[in-house]
J.: 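Take this structure, written in structure tokens, and hold onto it; I'll ask about it next.
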Amino acid sequence: MRFDNGSFGEVPLAGMRALVVFDTPQRMIDGGWIETVIVDESAASAQREALETILTGQAGGPWEVLGRFVERRLATQFLPIVFEDEGAAKRATIAGLLKSVVTQIRGRDRSRPVLFENIFNQIHAPTQTIALGDTEYDDGTIRVKNQGTHGLFSNFEWRVDSVAG
């Protein structure tokens with residue numbers, strides 16, 4: 001995730017980058033997920049705390065809903081995250097840990113991407129761009145290797161009016 005703007009209380013989040021990785025059973029609703037959160041090392045202490053609070057569901061909102069399925073959380077890591085936005089392609093890299101790219105597919109009108117619209121997803125916006133993706137991630141506990149699979153990307157907004165206590 002790339003935070004273009006926003007805040008958590010008085011803590012600004014614009015410019016922050018983070019990654020949430022889940023290992024889930026095939027039937028995700030069965031629970032038993034493993035989760036790890038990675039926050040870019042450039043985040044100040046208050047930003048690290050804010051992002052960890054949000055992304056582990058402690059602040060409420062959509063991440064709280066997903067957190068209900070998590071059985072085990074790995075320690076949050078603070079590493080350099082590189083995002084590249086090439087328009088039709090989006091890349092994420094964490095040296096020695098993650099290489100990922102999603103590239104939008106084009107529809108009949110070759111100048112426009114194919115979109116899912118009016119979709120309910122706990123995290124993404126109701127309109128998502130359909131893409132092809134390649135991802136390799138291995139932290140020793142969670143391992144992902146997908147090539148030529150579907151991918152999605154979207155712009156989204158989250159808002160939680162009160163922090164869970």
J.: Hydrophobic clustering (ILVMFWY, side-chain heavy atoms < 4.5 Å, transitive) - are L13 and L19 grouped together?
T.: no
J.: Do you know which two heavy atoms are closest between T135 and S100, and how far apart they sit?
T.: OG1-OG, 2.8 Å
J.: Return yes if a side-chain donor-acceptor contact under 3.5 Å exists between E52 and T76, otherwise no.
T.: yes
J.: Which atoms form the tightest heavy-atom contact between W33 and M28, and what is the distance?
T.: NE1-O, 2.8 Å
J.: When you look at CG of D4, are more than 12 heavy atoms from neighbouring residues, nucleotides or ligands closer to it than 6.0 Å?
T.: yes
J.: Quick one: closest heavy-atom pair of L55 and M1, and the distance?
T.: CD2-CE, 3.8 Å
J.: Locate the shortest heavy-atom distance separating Q104 from G87; write the atom from each residue and the value.
T.: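 What the structure gives for the nearest pair is OE1-O, 4.5 Å.
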J.: Between L51 and V21, is there a shared hydrophobic cluster once you connect ILVMFWY residues whose side-chain heavy atoms come closer than 4.5 Å?
T.: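 No, because L51 and V21 fall into different hydrophobic clusters, even though each may have its own neighbours under 4.5 Å.
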J.: For a quick test of reading the model, state the closest non-hydrogen atom pair linking A43 to M16 and the distance between them.
T.: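 That would be CB-SD, 3.5 Å.
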J.: Tell me, yes or no, whether the heavy-atom count around E86 atom CD, taken from other residues, nucleotides or ligands under 6.0 Å, exceeds 12.
T.: yes
J.: Quick check: do D23 and T141 have side-chain heavy atoms less than 4.5 Å from each other?
T.: no
J.: Hey, are the side chains of T129 and L115 touching, using non-hydrogen atoms and a 4.5 Å cut-off?
T.: yes
J.: Below 4.5 Å, heavy atoms only, C-beta onward: do T24 and F69 meet side chain to side chain?
T.: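 No. Closest side-chain heavy atoms not under 4.5 Å.
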J.: Determine whether a donor-acceptor pair (N or O, by modelled atom type, separation under 3.5 Å) exists between the side chain of R48 and the backbone of E41.
T.: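 Checking the backbone N and O of E41 against the side chain of R48, a donor-acceptor pair under 3.5 Å is found.
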J.: Verify the cluster assignment for L98 and I142: are they in a single hydrophobic cluster under the rule of side-chain heavy atoms below 4.5 Å apart?
T.: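 Same cluster.
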J.: Quick one: which of R143, K99, K145 gives a salt bridge (charged side-chain N to carboxylate O under 4.0 Å, His left out) with D138?
T.: R143
J.: Just say parallel, tilted or perpendicular for the rings of F22 and W63, cut-offs at 30° and 60°.
T.: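 F22 vs W63 ring planes: parallel.
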J.: Hydrophobic cluster membership, with links at side-chain heavy-atom distances under 4.5 Å among I/L/V/M/F/W/Y: are V101 and I105 in one?
T.: no
